[in-house]
Amino acid sequence: MSSRNLLYSSVVLFLVLFYCHGGPLEDRVRSTIQEVYKNCRKDKNPGVIVSVVKDGQNVLTEALGVKDKISGEAITTDTLFGLGGISALFANILIAKKNAEYADSNNPDSTLEMDEDTTLRNLFGNNKLFEKSKLRSRYATSLDVMAHRLGFKNTPYLFLDDTVTRGDPVIQRISSMKPRGRFRDSFYYNELMYSILTTIGERLGRDSWENLVKNEIYTPLGMAKSKFFTTLDPSTVDIARAYKEDDGSLFPVPFEFLKKWSSLCSTTCVLSSANDMSKFMNYLLGNGSIPGTNDVLLAKKIHRDLFDAYNRLQDPSIEDYFLTIRGVPVSRTHFAYAMGIKRGMYNNERILETADDMHGYNTLMTLFPDRNLGIFIAMTGEDKKDLFRTALSSYISDLYLEKEPWLNSSLLCTFPEPFMKGPDPDTPKVHPVVPLGRLPTDFTGTYTNDIYGKMEIIDKSGVLEAKYGYATFDLQREETTSLKFNMFPTGLIRHMFSVDDLRFRERKNSTYIEAFTVDKFDDAKFERVQPVTNTTTTTTTEKPAGGIAIPL
């Protein structure tokens, strides 16, 4: 072999080794992550993945732990994790893309386009979308939904009602909601409201949301492993099982529950891997073109508009633990909301950031648009108040921003200590058994609410059970003179939710129970449906051509 060929082969080998295995910086990050996981996160997070992109390159992917605690099969960088709220970015990109492509189907020569400022009343042909607000019915747009500017309080328990499906059923429930904040001058995160975007995407694209996202986003970006909970067969894919903490222990989350919970999709149903999220971050950090090609997914201006500030954030939770005035050396803040992602600052650098916890999956994505740096972290198990994910993202970003990290492997295990006191640990509450004190039939029946729909109270051998959609709760009376009961999640949702409170209400000057309220259902009042005591048989008739009424 000639010296020139030998030199060329050596250079190629070096480049292959560098991009596949990284350099000293990647080795340092990988070593720290592995040490921290072994020392303090293994029992809390069965599986963890990390991706880092810089200047258009996938510079680091790491996978630790197991997919399932029973099988012990190792996590890989292709293993799927639920993304939770990061799904909102896919919903917003899809609508932006379809808006740009839109033309009036009734007029093929029309070049009329829509955008995020098109009103919902025009999109749905409905002037009364919000019965409690003429202002919103007339002026609300898809951007108001994307930026959580409508002022409606979050109602996540509606995801337990499997009659709330895409399209008209979910819009009907939303129409009865009463706003809490001012229109376009408040931030009320609302997952259910985001499901409007699923319907808009499907109507614009004339296909299912899953097919549209797959064909319009996954495939062009090369995200070949990414899936959806709604169409997933967990036995045929490489997926990490979610684990939810309850009373200090981790419990596996049923895939059947996740499929039902995420049926409306926009903020819940996307699954992806470390490798695929590297591709997604490289796209987000670009200018709308598909990385490595000249093909355009979104026009440059439309892509840039996704990350503009459309709503202000007041008292963001991240500032509870990441402000210098609270003791940490470097501040991390969120001050505005774009389309599905927060805008903020870290270490004097602009960031775009989104984090979410969804029933045993915990995610964080941090983008530094001015430095072309992206970090994605996902884990199963527990990460209270996003503290470990955010601290780990801070450590990794400091290294890639060529700044001295203020965290190390020891501090990553103890954070927020020694800088400040951490959140108080959850203390299991004792619920003594208290006799029902009345006949079960005093409580049983069907109760309804305009927003939440129907809940049934059933007698199960002397124990009251509440059935709501696909969810069931055992009711146990508290030690009080009032008709207050604890709601213990059972069946498919066991361990998925904390114990809630339900309060029965008697009719004035009577012992007849006419309603109840549920604390975590926004203290919604469910009114008892009166049983039908007298039935009247009605005869339906029709008149055929001869004009003679024939009873049916």
Side-chain angles (χ1 to χ4, degrees), residues 8-9 11-23 25-26 29-30 49-63 76-81 83 86-87 89-98 100-101 205 210-228 238 270-307 339-341 350-352 354 363 365-378 396-397 400-401:
Y8 175 77
S9 299
V11 170
V12 170
L13 179 61
F14 169 77
L15 291 174
V16 170
L17 290 173
F18 180 82
Y19 285 112
C20 290
H21 301 287
L25 182 57
E26 283 69 40
V29 173
R30 188 172 281 110
I49 55 173
V50 179
S51 301
V52 182
V53 298
K54 183 74 171 72
D55 298 326
Q57 297 293 326
N58 179 10
V59 295
L60 181 141
T61 53
E62 181 69 4
T76 74
T77 54
D78 281 328
T79 300
L80 296 174
F81 284 68
L83 298 188
I86 297 178
S87 304
L89 287 169
F90 292 86
N92 296 337
I93 290 171
L94 176 64
I95 288 180
K97 191 173 188 298
K98 287 302 168 186
E101 296 171 356
E210 293 86 345
N211 284 343
L212 290 165
V213 170
K214 178 183 177 181
N215 296 330
E216 306 280 355
I217 302 176
Y218 285 179
T219 299
L221 297 182
M223 300 174 66
K225 299 292 184 180
S226 298
K227 304 290 183 184
F228 308 93
D238 180 1
V270 173
L271 298 107
S272 196
S273 65
N275 290 331
D276 275 9
M277 286 304 292
S278 295
K279 298 170 184 177
F280 189 56
M281 288 191 293
N282 274 325
Y283 167 72
L284 294 176
L285 289 165
N287 59 8
S289 297
I290 298 170
T293 74
N294 294 322
D295 297 330
V296 175
L297 188 68
L298 286 179
K300 186 175 182 178
K301 181 183 183 305
I302 297 174
H303 181 80
R304 186 175 64 244
D305 288 347
L306 292 172
F307 308 113
M339 296 187 195
I341 196 165
R350 286 197 310 133
I351 61 172
L352 298 165
T354 178
T363 56
M365 184 175 70
T366 310
L367 305 176
F368 291 80
D370 299 326
R371 303 297 291 271
N372 210 11
L373 171 67
I375 300 165
F376 169 74
I377 301 167
I396 294 172
S397 59
Y400 281 95
L401 295 172

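For reference, positions follow the sequence shown, starting with 1.
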Enquirer: Decide yes or no for V29 and E62: does some side-chain heavy atom of the first lie under 4.5 Å from some side-chain heavy atom of the second?
Expert: no
Enquirer: Stepwise, does the side-chain contact (heavy atoms from CB on, under 4.5 Å) test hold for Y283 with H303?
Expert: CA-CA 10 Å; Y283 167 72; H303 181 80; 3.2 Å; yes
Enquirer: What are the two closest heavy atoms between N58 and N282, and how far apart are they?
Expert: N-ND2, 4.3 Å
Enquirer: Look up atom CD1 in I351 and atom CG in L367, then write down how far apart they are to the nearest 0.5 Å.
Expert: 9.5 Å
Enquirer: Do S289 and V296 come within less than 4.5 Å of each other through their side chains, counting heavy atoms only?
Expert: yes
Enquirer: List in chain and number order the residues that pass salt bridge (Lys or Arg N to Asp or Glu O under 4.0 Å) with K98, two or more places apart in sequence or in another chain; answer none if no residue qualifies.
Expert: E101, E216
Enquirer: Treating T77 as the side-chain partner and A274 as the backbone partner, does any N or O pair qualify as donor plus acceptor under 3.5 Å?
Expert: no
Enquirer: Quick check: closest heavy atoms across K225 and S273, and the distance to 0.1 Å?
Expert: CB-OG, 4.3 Å
Enquirer: Could you state the interatomic distance from CE (M365) to CD1 (I377), rounded to the nearest 0.5 Å?
Expert: 12.0 Å
Enquirer: About how many Å separate CD1 of I93 and CG of L89, when rounded to the nearest 0.5 Å?
Expert: 6.0 Å
Enquirer: How many angstroms lie between atom CG of D305 and atom CG of N92, to the nearest 0.5 angstrom?
Expert: 12.5 Å
Enquirer: Is F376 close to I49 at the side-chain level, that is, under 4.5 Å between some pair of heavy atoms?
Expert: yes
Enquirer: Is any side-chain heavy atom of I396 closer than 4.5 Å to one of V50?
Expert: yes
Enquirer: Please determine if R350 and D370 form a salt bridge, counting it only when a charged side-chain N lies under 4.0 Å from a carboxylate O.
Expert: yes
Enquirer: Closer than 3.5 angstrom, by distance alone: can the side chain of S226 be matched with the main-chain N or O of S272 as a donor-acceptor pair?
Expert: no
Enquirer: Measure the shortest side-chain to side-chain distance between I341 and L284 over non-hydrogen atoms and say whether it is less than 4.5 angstrom.
Expert: no
Enquirer: Could you report the tightest heavy-atom contact between A378 and T363, atom names first, then the distance?
Expert: CB-CG2, 3.9 Å
Enquirer: If I compare all heavy atoms of T61 with all of S278, which pair ends up nearest, and what's the gap?
Expert: CG2-OG, 3.8 Å
Enquirer: Output yes when a side-chain donor or acceptor of Y218 lies under 3.5 Å from a complementary backbone atom of K227, and no otherwise.
Expert: yes
Enquirer: Parallel, tilted or perpendicular: which describes the rings of F280 and F90, with under 30° parallel and over 60° perpendicular?
Expert: parallel
Enquirer: For residues R30 and L60, report the shortest heavy-atom separation together with the two atoms involved.
Expert: NH2-CG, 3.8 Å
Enquirer: Checking the side chain of K54 only, and the main-chain atoms of R371 only, is there a donor and an acceptor separated by less than 3.5 Å?
Expert: yes
Enquirer: Hey, could you give me the OG/CD1 distance between S397 and I375, rounded to the nearest 0.5 Å?
Expert: 4.5 Å
Enquirer: Which residues pass the side-chain hydrogen bond (donor to acceptor under 3.5 Å, both in side chains) test with N294, not counting sequence neighbours?
Expert: none
Enquirer: Assess whether side-chain contact (heavy atoms from CB on, under 4.5 Å) is satisfied between I86 and V270, documenting all intermediate values.
Expert: CA-CA 8 Å; I86 297 178; V270 173; over 6 Å; no
Enquirer: Apply side-chain contact (heavy atoms from CB on, under 4.5 Å) to L373 and V52, showing your working.
Expert: CA-CA 7 Å; L373 171 67; V52 182; 3.9 Å; yes
Enquirer: Go through the steps to decide whether I290 and L221 satisfy the test side-chain contact (heavy atoms from CB on, under 4.5 Å), and finish with yes or no.
Expert: CA-CA 6 Å; I290 298 170; L221 297 182; 4.2 Å; yes
Enquirer: I need the D55 CG to Y400 OH distance, nearest 0.5 Å.
Expert: 11.0 Å
